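Atoms considered below: every heavy atom in the structure, side chains included; atoms not considered: hydrogens, waters and symmetry mates. What you are looking at is a predicted structure, and each value in this text was computed from that prediction instead of being measured. Naming convention: chains lettered A, B, ... in sequence-line order (proteins, then strands); numbering from 1 in each chain.
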There are 2 protein chains.
Amino acid sequence: MKDYIPVLKRTKLFSGIGGEDILTMLSCLGAELRTYKKGEYVLRQGEHLRDIVILVEGSLHIQKDDYWGNRSILRHIGVGEIFGEAYVAPESGALLNDVIAVENSVTVFFDVKRVLTTCTSACRFHNTMVQNLFFAISEKNRSLVQKLEHISRRTIREKLLSYLSEEAKKQNSGSITIPFNRQQLADYLSVDRSAMSNELCKMRDEGLLAFEKNRFRLF
Amino acid sequence: MKDYIPVLKRTKLFSGIGGEDILTMLSCLGAELRTYKKGEYVLRQGEHLRDIVILVEGSLHIQKDDYWGNRSILRHIGVGEIFGEAYVAPESGALLNDVIAVENSVTVFFDVKRVLTTCTSACRFHNTMVQNLFFAISEKNRSLVQKLEHISRRTIREKLLSYLSEEAKKQNSGSITIPFNRQQLADYLSVDRSAMSNELCKMRDEGLLAFEKNRFRLF
DNA sequence: GCCTTTCTGTTGTAAAAACAACCGCTTTGT
DNA sequence: ACAAAGCGGTTGTTTTTACAACAGAAAGGC
């Protein structure tokens, strides 16, 4: 667990809390390290979640497969990101999505309800943590709205441009790397892969962008 | 302001707080009542928000119009619902959407940062309120995910069924009333109104559902 | 009551997406 | 090194959607 303190320190959840204190809190909160091989499930749709999870190594996809095997990718989780916060509230029902390891990954689980429900004076970081949680989920909320904006576009081209230009803004560069291959990007944008591939090549031929694998450059 | 205490008391934000205490808190937080006529803007895209807002009368739409006048409705806000929570975090940027009064409406604005940033021992409800805020935004997060699920469907029919059946589940009945007219529903689901109208009638003819105005019954 | 505006459904056409099948290249595993 | 699996691009066909234009019904204003 100690190895990951530097990562944890940089997460939104532990913002403003020192490394020493994090270690104390983790044990107090019953933190648990779990490892996954590529392709393994971290969480499954329908489960009830009692913990909040931080990814400390690897990468994950939050996704959903329907009856016919059509996959929809809700979001990509990178190192240092939190997930599961939306299901910590008492009335929140079962998980709506699967969480799956895209590569070998390591997570930290811990029972955030202890923070939320125990006497608030028990630990001086309770308040900080609740507030951090609030900011984290607030940010996730805004990013979901932005994803809705991409998906709401009517054509594949518009969806691509909406997504790629937001990534460019986030990464502060016209040259970006995305965490998806073609199929995954299509599943993320809810379009057909071949149609999307086609559109990408048209856009490239028109001089709108260039790409190689998962690196894109916008002009 | 007093007139709306019963409404406020039933909101998620003041859950677990008595009417008397709410009144005290409101003045302490600089709560402000604002009224809007049908069609007026409550908030505008690009603004920076310092307050959290509760709708106590009427109804609102959170929406966005692009350069060409295409409207996209993000969500409908009913009496007792909170909005703006996602923009209270310090690093959250400008508002991504407009908020507009669908009918004559009344809101309560108040500076929630006072709760989040002042010494937490100043008021015994600070912690309750931060926690309530957290649960509220957590629920909104889940509902955004569900909306993404509707929009992610590939055909208009699937989008309609996804949306309507979720409403039926929420309203716990096969017979539901939606807060949208046809154009608004189309803007909510990001499809063309006439195509949607067409599809609805086809579905009716096939015996999948029945409707009259904004009332729908699923079979 | 009458006029105007808004709302909903209808139709036809053009554009776009989904779907399916296939190919060559790369990566992976043994 | 070889076979198998995965990935990305291409093409043709079918389905679906967007778009535009219009008409009748309903609602709202004066």
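Aromatic ring pairs are classed by plane angle as parallel below 30°, tilted from 30° to 60° and perpendicular above 60°; the pair A:Tyr163 and A:Phe180 is tilted.
Partner of A:Glu81 under the salt bridge (Lys or Arg N to Asp or Glu O under 4.0 Å) criterion, out of A:Lys12, A:Arg10, A:Arg75: A:Arg75 alone. Just one of B:Asp98, B:Asp65, B:Asp66 meets the side-chain hydrogen bond (donor to acceptor under 3.5 Å, both in side chains) condition when paired with B:Arg71; it is B:Asp65.
Straight-line distance from the CG atom of A:Leu161 to the C1' atom of C:dA16: 16 Å, rounded to whole Å. Regarding A:Arg157, its CZ atom lies at a distance of 15 Å from the P atom of C:dA18, rounded to whole Å. Rounded to whole angstrom, the span from the CD atom of B:Glu158 across to the P atom of C:dA17 amounts to 17 Å. Between A:Arg153 atom CZ and C:dA16 atom C1' the separation is 17 Å, expressed in whole Å. Taking atom NZ of residue B:Lys159 and atom C1' of nucleotide C:dA17, one finds them 11 Å apart after rounding to whole Å. Atom CD in A:Glu212 sits about 15 Å away from atom C1' in D:dG9, given to the nearest Å. Summarising the geometry, the separation between CG on B:Asn70 and P on D:dA20 is reported as 10 Å, rounded to the nearest angstrom. Whole-Å rounding puts the B:Ile156 CD1 to D:dC19 P distance at 11 Å.
The nearest pair of heavy atoms linking A:Glu85 to B:Phe134 is O-CZ, 3.8 Å.
A donor-acceptor contact under 3.5 angstrom links the side chains of A:Thr177 and A:Arg215, judged on distance only.
Proximity of a side-chain donor or acceptor of B:Ser197 to a complementary backbone N or O of B:Arg193 within less than 3.5 Å is not detected.
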Item to check | Base versus backbone protein contacts along nucleotides 22-30 of chain D [heavy-atom cut-off under 4.0 Å; B, S, -] | outcome: ----SS---

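Under 3.5 Å, the side chain of A:Ser194 and the base of C:dA20 form at least one donor-acceptor pair of N or O atoms.
Of the two residues contacting DNA chain D, namely B:Lys202 and A:Asn214, the nearest-nucleotide position lying further toward the 5' end is that of A:Asn214. The nearest heavy atom of DNA chain C to B:Gln183 and to B:Asn198 marks one nucleotide each, and the one closer to the 5' end goes with B:Gln183.
At the heavy-atom level, B:Asp192 lies under 4.0 Å from base atoms of the strands shown. Residue B:Ser197 is in base contact, counting any heavy-atom pair closer than 4.0 Å across all strands shown.
Applying the 4.0 Å criterion to OP1 and OP2 of D:dC7, one finds that A:Asn181 has a side-chain N or O inside that range. Close to D:dT16, at under 4.0 Å from its OP1 or OP2, lies no side-chain N or O of B:Arg154.
By the 6.0 Å and 45° rule, A:Lys147 stacks over the aromatic ring of A:Tyr188.
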